[in-house]
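Worksheet for the structure shown next.
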Amino acid sequence: MAFTGKYELESQEQYEEFLEAIGLSNAKTDHKVVIDVLQDGNDFTWTQTIPNWTWSNKFSVGQECELVTMMGSKFKAPVSMEGGKISIQFPQYHFTAEIINDKLVMICVTPGEKGVTFKRISKRI
């Protein structure tokens, strides 16, 4: 499937500003991020790992799913995919992910006038 694979951080923009906007300003930003995606049709397991911390969500495109934020809070949200781009509204930001030139491109946007757009590009490993 298009998303299935293991990815390693290649570049990111406005990460520290994004962490501050969602209340994680003391989070480390100098770590290696590995993202492991398993796609089986419309079903996904999405896991992000840094040293000493793992965050994982399972979801199905086209359904409302129970998900977990980076801080461990559970919430429910519909998951959609349009034009090969996954879209999920997290409580504090809107998340999209797509594959562009065999790279995983994730964008998180916080709302409001002072909203932050965080972009992370990860290469397949």
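Fair warning: this is a prediction, and the values are worked out from it, not measured in the lab. The chain is numbered in sequence order, starting from 1.
Residues D43 and S60 have side chains that bring a donor and an acceptor to within less than 3.5 angstrom of each other.
E98 CD to I107 CD1: the interatomic distance, rounded to the nearest 0.5 Å, is 7.0 Å. Note that the NZ atom of K119 and the OG atom of S11 stand 7.5 Å from one another [nearest 0.5 Å].
For the pair Y7 and R120, the minimum side-chain heavy-atom distance is 4.5 Å or more. For the pair I50 and Q48, the minimum side-chain heavy-atom distance is 4.5 Å or more. Two residues are said to be in side-chain contact when any heavy atoms from C-beta on lie closer than 4.5 Å; V34 and K6 meet this criterion. For the pair I99/L104, a side-chain contact is recorded, criterion being any heavy-atom separation below 4.5 Å from C-beta on.
Of the possible polar contacts, none joining the T49 side chain to the T54 backbone as a donor-acceptor pair under 3.5 Å is found. In this structure a side-chain-to-backbone donor-acceptor pair under 3.5 Å is missing from E64 to A77. Of the possible donor and acceptor atoms, one in the side chain of N57 sits under 3.5 Å from a partner among the backbone N and O of V68.
Cluster annotation: V37 and M70 are assigned to the same hydrophobic cluster (Ile/Leu/Val/Met/Phe/Trp/Tyr, side-chain heavy-atom contacts under 4.5 Å, transitive). F18 and L9 fall within the same hydrophobic cluster, defined by Ile, Leu, Val, Met, Phe, Trp and Tyr side-chain heavy atoms under 4.5 Å apart, directly or through other members. When hydrophobic clusters are built by joining Ile, Leu, Val, Met, Phe, Trp and Tyr residues whose side-chain heavy atoms come closer than 4.5 Å, directly or via intermediates, V109 is not grouped with L19. Linking ILVMFWY side-chain heavy atoms closer than 4.5 Å, directly or via other members, places F44 and W55 in a single hydrophobic cluster. The cluster map of Ile, Leu, Val, Met, Phe, Trp and Tyr, joined by side-chain heavy atoms under 4.5 Å apart, puts F75 and F59 in the same cluster.
The aromatic rings of F90 and F95 sit perpendicular, their planes meeting at an angle over 60°, well past the 30° parallel limit.
Remark: E20 CD is loosely packed, at most 12 non-hydrogen atoms of other residues, nucleotides or ligands lying under 6.0 Å away.
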Test ring pair (Phe, Tyr, Trp, His ring centres under 6.0 Å) on Y93 and F118 and set out the steps. CA-CA 10 Å; Y93 57 92; F118 159 52; 8.6 Å; no
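Just one of K123, K32, K103 meets the salt bridge (charged side-chain N to carboxylate O under 4.0 Å, His left out) condition when paired with E10; it is K103.
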